[in-house]
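Taking it in order: structure first as structure tokens, then the write-up.
Below, chains carry the letters A, B, ... as their sequence lines are ordered, and counting in each starts from 1.
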Amino acid sequence: MKKSLMLCMILVLALMTACGNSGDGASSGNSASSSADPSQDKDTITVWTYPVHGTYEDELKGLVSAFEAEHPNITVKTEMLSWAEGPQKFDVALNAGSPPDLYFHAVDGTYVNTGLALDISSYMTDEIKNDYLPGTLELAQIGGKQYGLPLYQFEWGWGGNKRILEEAGIDWKSIQENGWTWSEFTEAAAKLTKKLPDGSTQYGLVTDGTSLDFIEMLTRNNGMPDVLDEKGEFQWGDERIKETLSFIRNLLDKGYMPKETAAIAPAKRSDMFYAGQAAVISKAIPYYDVMIKNRNKDIDAGKVTGEKINFVLLPVPHNDDASAKTTMGAEGYIAFKQKNDKGEQHAKNTFTVMEYLSNAKAGNASNELVLPFVRKSQAEMYAGKELGTAETIAASQKMAANIQIPVTLNLDTADAAKMKQFKEQVVKPNIQALYSGEKSPDTIAADFISKAGQMLGQ
Amino acid sequence: MQRTIAPKRRRAAGRFWREYGWAYLFILAPVLLFLVFTLYPVISALIMSFQQYNIMQSTWVGLDNYERLFKDDTFWKSVWNTVVFTVCTVPVNIILTFVLAHFIYQMKTKWQTFFKATMYLPAVASGVTISIVWLAIFDPTDVGLLNRFLGLFGLDPVIWLGQSKTALFSLILMNWLGSHGAGIILYLASMGGIPKSLYEAADIDHASGWTRFRAITWPLLKPTTLYLLVTGVITSFQVFISVYMMTQGGPNFATTTIAYLIYQTAFKFYEFGLASAQSFVLAFLIILVSVIQFKYFSSDVEY
């Protein structure tokens with residue numbers, strides 16, 4: 001009997017030891033090999049990232065191999081997440097207190113609120129700071145503290161099907177150069193909407209009913225940077241929001257947008273654009289240029305069936321008496337510490353890896369995505385090797401001149417969290433109700449004001 | 001006196017461990033798993049429901065989270081949606097399952113096997129995959145499978161998931177048509193367990209089909225029906241995957257269920273304290289409904 005009791009005790013002890021050790025793997029590894037110079041201690045940095053562009057996985061492998069060759073004491077463990085499941089996986093890890101050391105994303109106030117986002121300001125040397133193009137480092141700061149290093153600047157616009165635009169007599173080059181107003185877009189949408197020979201409809205504009213990009217881009221082009229402005233004051237409570245909602249409702253009522261918009265998923269939206277059932281798509285990014293060129297190659301090779309199309313990057317139209325704004329921000333690596341902090345040297349190593357993964361060579365991400373570079377060294381390295389068409393690059397640069405800096409970067413983190421909740425719980429359902437015709441613009445605007453009082457205290 | 005009792009007790013304890021010790025050792029692993037993966041998370045979540053949770057430093061807020069959720073319109077809307085979903089799916093599913101099982105039971109063994117396997121297939125397929133298939137079926141344009149079917153009768157396409165009046169019904173329809181496999185297997189097993197002699201006696205008495213069903217089949221299948229009712233209600237109260245994959249709770253909260261709201265509160269807004277409070281209210285509702293079911297439906301169950 002004593003044997004069985006002993007066995008029980010061993011089992012319990014083994015479990016307790018296993019549980020007690022969880023999450024401390026790296027630190028135990030550190031202590032095992034600690035030396036007089038901590039910077040030479042063995043360390044492992046975990047990186048969770050996404051297939052940022054078609055060849056990013058291979059590119060990252062190359063960067064990591066080169067880094068490990070230069071820093072033999074640091075091992076970089078990368079994990080390629082899927083865009084669909086990755087955010088949930090990261091959120092779980094973050095809220096369990098064990099996020100990866102580096103995560104690919106835009107800097108977010110909710111991350112900072114957890115207390116686990118690592119302020120890297122003290123590691124930023126002048127050499128690194130001076131390599132970043134003006135205004136780009138700020139896109140990864142909150143409250144003046146640097147939490148991430150941008151890999152590229154993202155830029156949201158609309159996309160057009162060149163053939164359809166030209167058939168309808170739309171001067172897309174002029175739109176790229178000078179922008180367009182809501183009135184001008186409405187006129188263009190009337191020309192772009194028609195019945196096709198097969199009985200289906202070609203719409204002037206298609207968007208999806210599940211995301212908030214569309215309303216956010218339009219409100220920014222009507223003088224409202226976001227639901228709250230940088231001072232935390234509620235913006236979506238006056239005539240401007242009614243005008244924006246009425247503009248959308250009008251496009252739906254006139255049939256320029258599909259009446260099914262509320263139920264259109266992002267993939268369906270893209271399918272409609274590819275199939276020539278929509279002249280303009282919202283949202284589009286300059287990378288569509290490369291994606292569509294690759295799709296055309298696949299059609300030629302017989303791998304994909306469908307009509308070959310040519311992409312035109314378009315700015316989002318602005319209200320007639322408002323100025324044009326382009327929704328932009330930065331994505332790149334954000335540094336985190338864990339609840340069981342692994343110490344200062346680990347944080348320094350994390351920054352070293354982070355900086356390497358955002359170096360000149362890593363600028364290929366901006367090049368592939370046809371997006372503005374964030375570092376001078378990247379722009380120099382890829383000069384003359386641009387992948388996008390000259391028109392798209394020029395349009396992208398023109399749009400970047402009208403950048404709307406995300407208000408969340410300067411907003412108090414508590415206000416940023418409240419705004420996120422307001423968007424999910426108030427804006428999203430109301431926009432879906434607008435698409436499906438269940439609520440009028442006036443009712444929605446009144447609901448925004450009422451809910452802002454409850455949720456935002458304004 | 002004490003000297004003689006103590007060795008006796010030691011001997012009895014020794015005998016007890018010799019006889020039952022291995023049994024306790026064998027149940028140790030599941031008990032430890034239960035403690036670590038069930039009891040500990042439940043207790044942690046209960047504590048969390050009284051806190052404003054933060055991974056670094058949580059603050060005790062008493063009943064604030066419960067007060068907030070009871071004042072929240074979205075929470076009550078999600079409770080309503082969950083109840084409607086449950087009331088519409090569980091009874092219909094039980095009836096459909098019973099009817100299907102009844103027909104399959106009449107068939108030859110090889111056909112029984114075929115239909116059992118076919119009907120059980122959705123149960124082994126991933127909920128995500130099934131949801132993607134249903135997204136194509138509910139495609140809002142006239143190329144959608146369901147809209148094409150309606151088109152055969154000259155009806156206009158319906159925006160199934162995009163309007164409040166049809167979105168929840170669409171999820172209910174999806175549930176009606178795809179979740180009978182396990183129930184059919186259980187009913188068939190129970191039907192096979194009903195003694196043939198009872199039906200032979202009914203034949204001798206010239207009992208009608210309805211009388212045979214009412215007096216023999218139904219009472220003897222009641223334990224299975226009660227089981228399907230209780231587990232069906234619990235599963236329906238926790239409906240999540242189809243909502244997450246197909247509607248994200250929309251449009252205008254028409255399909256926001258409690259489970260989806262918990263997910264949204266926890267993983268979109270990082271309000272783990274409030275999400276824990278919502279989870280405990282959901283657990284309380286499930287327990288309440290289960291107790292009522294047992295109280296009122298199990299009294300005349302013949303096991």
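- With a 4.5 angstrom heavy-atom cutoff, B/Arg68 touches chain A only via side-chain atoms.
- For B/Tyr260 and B/Phe253, the ring centers are positioned 6.0 Å apart or more.
- When heavy atoms are compared at a cutoff of 4.5 Å, A/Lys428 approaches chain B solely by way of its side chain, counted from C-beta outward.
- Looking at A/Glu438, only its side chain comes within 4.5 Å of chain B, counting heavy atoms on both sides.
- Scanning for side chain to side chain contact (heavy atoms under 4.5 Å, CB included) contacts around A/Ala335 gives A/Leu102, A/Leu118, A/Ile120, A/Thr350, A/Met354, with sequence neighbours left out.
- Under the side chain to side chain contact (heavy atoms under 4.5 Å, CB included) criterion, A/Lys194 pairs with A/Glu167, A/Leu196, A/Gln202, sequence neighbours left out.
- Under the 30°/60° scheme for interplanar angles, the aromatic rings of B/Phe169 and B/Trp176 are found to stand perpendicular.
- For a residue to count as touching a neighbouring chain, one of its non-hydrogen atoms must lie under 4.5 Å from one of that chain's; by this rule B/Phe267 touches chain A with backbone and side chain alike.
- Annotation: A/Tyr50 is in aromatic contact with A/Trp83 [ring centroid separation under 6.0 Å].
- When heavy atoms are compared at a cutoff of 4.5 Å, A/Leu94 approaches chain B by way of both its backbone and its side chain.
- Salt bridge A/Glu216/A/Lys423: present, at least one basic N to carboxylate O contact under 4.0 Å.
- Salt-bridge formation is not detected for the pair A/Asp208/A/Lys268: no Lys NZ or Arg NE/NH1/NH2 atom is positioned less than 4.0 Å from an Asp or Glu carboxylate oxygen.
- In this structure, A/Trp236 has its ring center at least 6.0 angstrom away from the ring center of A/Phe422.
- Neither the backbone nor the side chain of A/Ala265 comes within contact range of chain B; no heavy atoms are under 4.5 Å apart.
- Contacts of A/Thr114 with chain B are made by both backbone and side-chain atoms, with heavy-atom separations under 4.5 Å.
- The contact between B/Leu261 and chain A is made entirely by side chain atoms (from C-beta outward), counting heavy-atom distances below 4.5 Å.
- Contact of B/Gln57 with chain A is not made at all, since no heavy-atom distance falls under 4.5 Å.
- For B/Ile55, the parts lying near chain A are the backbone and the side chain together; criterion is any non-hydrogen pair under 4.5 Å.
- Listed by first then second residue, pairs satisfying salt bridge (Lys or Arg N to Asp or Glu O under 4.0 Å) with a partner in residues 71-83 of chain B read B/Glu67-B/Lys71, not counting sequence neighbours.
- No other option in B/Leu161, B/Val143, B/Asp139 has as many heavy-atom pairs under 4.5 Å with chain A as B/Asp139.
- Geometric assessment of A/Lys420 against the ring of B/Tyr270 yields a positive cation-pi assignment under the 6.0 Å and 45° thresholds.
- Note on A/Lys451 versus A/Asp447: salt bridge recorded, some NZ/NE/NH1/NH2 to OD/OE distance being below 4.0 Å.
- With respect to A/Lys89 and A/Glu85, no salt bridge is recorded, no charged nitrogen being found less than 4.0 Å from a carboxylate O.
- Of all the listed residues (B/Tyr244, B/Trp160, B/Phe138), the one sharing the greatest number of non-hydrogen pairs under 4.5 Å with chain A is B/Tyr244.
- Contacts with chain B were tallied for A/Asn95, A/Asn430, A/Asp91; A/Asn95 has the most, counting heavy-atom pairs under 4.5 Å.
- For residues 273-283 of chain B, a heavy-atom distance under 4.5 Å to chain A picks out no residue at all.
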